[in-house]
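Report on one structure; see the data block that follows.
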Amino acid sequence: MSPVRALWKAMSAQRSELAIAALIGFLASACAIALLGTSAWLISRAADMPPVLTLSVAAVMVRAFALGRAVFRYLERLLGHDAAFRGLSQLRVSLYASLEAITPNGLARFTRGDLLARLGADVDTAVDLPLRIVLPWAQAILVSIGTIAFLVWLLPAAGVVIGIIVLLALTLMPWLVGRTAAQAEARLAPGKAALANAALTSLSASPDLLMLGADGRALAALRSHDDKVTVLGRRESFALGLSGGTGTLLQGLAIIAALVIAIPAVVDGRLPSVMLAVAALLPLALFDVLATLPGSALSFHRLRGAAARLDEIHAASVDDGASPLVQPGAFTGLVVDNVRARWSGAQSDALAGVSIRITPGERIAIVGPSGSGKSTLATVLMGFLNYQGGAVICGHEIRAIGGDELRERVGLMEQSSHIFDTTIAANLRLGRLGSSDDEIWTALEEAQLADWVRTLPLGIETEVGSFGTRLSGGQQQRLALARLLLAQRDLVILDEPTEHLDAQTAEQLDRTLISATASRTAILITHRLIGLESTDRIYVLDHGRVVEHGTHDELMSGTGWYATNRRRQAEQRSMAELIDRLPAGIGVDVPPLARG
Amino acid sequence: MRPLDPRLMRYARSTRGFMIVAILLGVVTAILVILQARALSTVIVNVTAHGFNFAEVGGLVFAVAALIGARALLAWATEIAAFRSSAAVKEELRTAALAHALALGPNGPAGTDPAGVTTLVTRGVDALDAYFSRYLPQLVLAVIVPIAILLTMLGQDILSTVIVAITIPLIPLFMILIGMYTKSRVDRQWKTLAVLSGHFLDLVAGLPTLKIFGRAKSQAEAIAAVGDRYRMSTMGVLRISFLSSLALELLATLSVALVAVSVGLRLAEGQIAYGIALFVLLLAPEAYLPLRLVGQHFHAAAEGLGAAERIFAILETPLPTSGTSEMPEGSVTIDVDHLGYTYAGSEVPALAPTTFTARPGTITALVGLSGGGKSTLVNVLLGFLAPTMGEVRVSECPLADISTAVWRSSIGWVPQSPVLVSADLNVNPTIAQVVRVGMSDATDDHVRRALSDAGILDEVMALPLGIDTALNADGSGLSRGQQQRIAIARALVREPRVLVLDEPSAALDIDSEDAVVAAVREAASRGCTVIVVAHRPALVEIADQVVRVGTEVLA
């Protein structure tokens, strides 16, 4: 199925409403044609100077058609837009369902920065399908059939010939316009891509280029890319401009055909002479209606790109096969035994045989250098990545438990949790629907965010802004922590929640995380080693394997990764404390600092 | 939004040429339209009223055909001119916007949203094609054609002329009046539509979080419900705003009907000639057509003008001022004297008053919390920001007096996240090309020496292609530490008198850290004035002077 047809299917809930809109649109166009036709008849008839009364019906009809055209057009636009907006809403729902199915592992490639904006723009473009493509085409075809039928009745030869020209206008003209636009775009695409690439490179490197005195050279490079695109663009103007003339040319052809066929017919009496003006003017009016089609062809061309990208989303969503799933039993801890896991497309295992265990009420830490597999383990435990080996929770293998059921037991705090563009309370209630305000305040208290929320005039009803931008990074993560605590999961996994925060904020949040998980079963994944004394066990991961494990004291008695890095971080901490004691805003010689 | 923004004429001079061409073509088009109506009506009248046969009117039919052919050619020519000017205008806007954005540096749009600016100057300005090819020529026709037709009708039939002359100015008038009435509502509605789109994208971006909490599936209903609510409120506004086109259509069609009925009835009473009546009937709709088409193309045009408007916003951002004097000769002493910076509209200073002197051959470490003002201080030193209090003196000469380009040419700068590009913005620059961004005429020996000074030459020469190894566009293939050291080489190849280095806050491997420390020491020992933003102890330990930037009082 072509992407455009798939898009049409995805947004065509309101076919009947759209059909009515098309019919009303047809009436509007028909009125426009009838207005000119009746006027032509009226004048030709009046030229014979009949009694004025014989003209009065035509005079009334002329005015009625004029009124009809405007009013029908208004109604068509209202109905058409209503149907289009319904379709758009339906499209969003179906796109969302497809994206939901590939979350989280397949989602990243559709939601990264620019792509997310592009997704929004593509969805907005989809409204063109009913409004600028289906409706204009439907009424163009209907009104062409009606007009040609009338002409055939009036003068069969003229009807047939003009019918052929109209057919050309309905097929050749949009095809030509769409094709030239597509061809021109294809020829311009490589140059445009190169230009966009160079522009992005230079803009991202603007401070580097300016400081290195290379901005002039970079601009010259941009200029030469730009010149290529512009020269090509000029060359394509001959093809792109074709759409302007074709409509006029076909319209003229139809008028000439009408004259050439109708004049002899009038001369030998096959056509009443008053009808000559009607025969000549009807094609004129009809082609004014068809004039919207080239624009519609361009919309179609633009829509195809959007539809293809949206179709990719629908296509990426695969049903993960409904294997028989078990209901998890009571939480009795987690046993991970020799688990191996690999990301799709990767050359080697991210987890190469990891074993850990945790009993209810315990708190363990998983540490190690970046890329050692810490976050992969979290992904496996959340049921988002397939694994080999054993990972048993609530009496069953994780892979045997349904994803949603599993995640009612296991909660995760991500490196940067998404904060939704709504109130603090609504963000928290995502953790547990129907939580009372008291429960929300308790969670905020535990996340040590309550004091700050109390200072806000609207309290927990404060809007946090898109992506939580009205909160600081630390506040966002505390909000995410409160949400997770409110959800009351049997096991919580904290996956480097301080990763994107500055040192001081991270340190403060570390303290909160340790205190808030004190009475819970928790896995702390981190590379910050200060404060892990209170955990029950520490596992050090490297290259997907557990290389050390034990309590803080046990590990510190050795010389392994944990002991080395823990000492280094402690040194950095004391250096940072020294620096904090320096007077601010003034140069201090180093010797006193070293003595500090 | 103005239909023809004067700034478009100012920033894109090609627009003026196009307007002249469009007006000329518009005048010829108007004449052809009138001649065609005249010829067509004469043919019909000659056959219907005077009983001519085809041979007798054949010449006129041919004339109609020729006129139509000429009109088609003219329409083609107009579009060709439009697309060509559009290409030229786009290049002018693109080049100007890129140059300006680049010159504004990290505090301008290039720093905050490089991808957004790129999209704007590529896909964004492409929307101007529709503005030039459809909207602008039609706008010109909408002025010329009605006037030409009115003048022609005046010579034929006064009453019809009066009907058209009264109604035509009413169309733009009504559009403006209804537009003004609905504008604020429509604007508000577009905003709510943006909210709707934002709600959808918010949920998509938050899908992993929703899934973690088992809320992902239930949000589909919320999307439908919110969509429905916004549809209903939008339709409420559209009912009114579509009235403007209703009024426009009513005026246009009713006046054509009035003209038709009026000439028809007078024709029946013999007050007007058949030929004139038909001519007037053919002319009347042509007078309204361009105005109606302008409205139709408005949507497509608005997109291009919107993009242009955002480009003007970039172009109208003033560039930081630069002094004109030369640098003092010799080694450089930098006096930072009660230097402070507060962003416009902010009450809290981004940089609280800071004072220190950085001497040649010494290392000054800037430390303090992130957000404490270290980057602001560096931005002032590099000339990207003009201080709002205090000043910087370079060997006794105020920095504000020194030409920014000259000052920068004496600095070697190593940013926190260097972007390793070549000067020609090659997709896969080689290591040598990246280093040569620092000095375009550096020999291979120079490049190797700089790499050696930065402590990375051995690692580079171990690669099969050595300094001619091509890097990936995003610098991947090298570790963060290696990228950092290539950026140091790029700075050192300039033989700078001042070295400014912003240490990456992320962890480097120990070898890289040692190499960076050695390179900084080496630069200072050669008499360079070194200022480093330090995040880790290693660089603080080798500093001669430490400056804590920030005012927080900590327990």
Could you look at [X] and say if it's the side chain, the backbone, both or neither that has a heavy atom under 4.5 Å from chain A?
X	answer
B/A423	both
B/V421	side chain
B/P106	both
B/L203	both
B/V226	neither
B/R490	both
B/F384	side chain
B/S440	both
B/T355	both
B/A405	neither
B/S409	neither
B/P285	side chain
B/R494	side chain
B/A358	neither

>> Go through it in stages, so that I can follow the logic: the residues are B/V547 and A/V588, the test is side chain to side chain contact (heavy atoms under 4.5 Å, CB included), and I'd like the CA-CA distance, side-chain angles, deciding distance and then a yes or no.
In response: CA-CA 6 Å; B/V547 184; A/V588 177; over 6 Å; no

Thinking salt bridges, do [X] and [Y] make one under a 4.0 Å N-O criterion?
X	Y	answer
B/K90	A/D226	no
B/D424	A/R217	no
B/K211	A/D404	no

Could you have a look at [options] and say which one has the most heavy-atom pairs with chain B under 4.5 angstrom?
options	result
A/R432, A/R483, A/H225, A/M382	A/R483
A/A199, A/S224, A/S417, A/G233	A/A199
A/V267, A/T201, A/L249, A/I586	A/I586
A/T38, A/L484, A/L433, A/T292	A/L433
A/P369, A/A66, A/A58	A/A66
A/S94, A/A32, A/A487, A/A196	A/A196

Just how far is it from atom [atom1] of [X] to atom [atom2] of [Y], taken to the nearest 0.5 Å?
X	Y	atom1	atom2	answer
A/L36	B/L282	CG	CG	7.0 Å
B/L98	A/D215	CG	CG	12.5 Å
B/T253	A/R69	OG1	CZ	5.0 Å
A/D124	B/F200	CG	CZ	10.0 Å
B/L40	A/L281	CG	CG	6.5 Å
A/F65	B/L254	CZ	CG	13.5 Å

> Does the side chain to side chain contact (heavy atoms under 4.5 Å, CB included) test come out yes or no for B/T122 and A/K192, once each step is laid out?
Replying inline: CA-CA 7 Å; B/T122 51; A/K192 280 187 180 174; over 6 Å; no

Chain B contact via [X] - side chain, backbone, both or neither, heavy atoms under 4.5 Å:
X	result
A/P583	backbone
A/L95	side chain
A/V260	both
A/L210	both
A/E414	side chain
A/A205	both
A/V93	both
A/V266	side chain
A/L55	side chain
A/L35	side chain

> Should B/D544 and A/D589 be marked as a side chain to side chain contact (heavy atoms under 4.5 Å, CB included) after you check the CA-CA gap, both sets of side-chain angles, and the distance that decides it?
Replying inline: CA-CA 6 Å; B/D544 299 284; A/D589 288 346; over 6 Å; no

>> For a side chain to side chain contact (heavy atoms under 4.5 Å, CB included) check, start with the C-alpha distance between A/L212 and B/W413, then their side-chain angles and the critical distance, and finish with the verdict.
In response: CA-CA 8 Å; A/L212 293 161; B/W413 181 58; over 6 Å; no

Below 4.5 Å, heavy-atom pairs only: which of [options] has the largest tally toward chain A?
options	answer
B/I212, B/V57, B/D228, B/L246	B/I212
B/R239, B/Q219, B/M439, B/E541	B/R239
B/V43, B/T364, B/T209, B/T354	B/T209
B/V47, B/L265, B/L104	B/V47
B/A491, B/A260, B/P109, B/G227	B/A260
B/A65, B/G206, B/A75	B/G206

>> Please check: side-chain N/O of B/D202 versus main-chain N/O of A/F420, any donor-acceptor pairing under 3.5 Å?
In response: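 No, B/D202 side chain to A/F420 backbone: no donor-acceptor pair under 3.5 Å.
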
> Any donor-acceptor pair under 3.5 Å linking the side chain of A/H418 with the backbone of B/V204?
Replying inline: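 Between the backbone of B/V204 and the side chain of A/H418 there is no qualifying donor-acceptor contact (under 3.5 Å).
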
>> Testing the 3.5 Å rule here: is there a donor-acceptor pair between the side chains of A/S237 and B/E79?
In response: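 Not at all, the side chains of A/S237 and B/E79 share no donor-acceptor pair under 3.5 Å.
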
> Is there a donor in the side chain of A/S44 and an acceptor in the side chain of B/Y274, or the other way round, less than 3.5 Å apart?
Replying inline: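 Judged by distance alone, the side chains do pair up.
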
> Does CD in B/E221 sit with more than 12 non-hydrogen atoms of other residues, nucleotides or ligands closer than 6.0 Å?
Replying inline: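 No, because the 6.0 Å sphere around CD of B/E221 holds 12 heavy atoms or fewer from other groups.
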
> Is A/R77 positioned over the aromatic face of B/F242, cation under 6.0 angstrom from the ring centre and no more than 45 degrees off axis?
Replying inline: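 Flagged: A/R77 positioned over aromatic ring of B/F242.
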
> Would a 4.5 Å heavy-atom cut-off, applied to side chains only, mark B/I411 and A/M211 as touching?
Replying inline: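 They are in side-chain contact.
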
> Does some side-chain heavy atom of A/F85 sit less than 4.5 Å from a side-chain heavy atom of B/M235?
Replying inline: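 Result yes, sub-4.5 Å side-chain heavy-atom pair found.
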
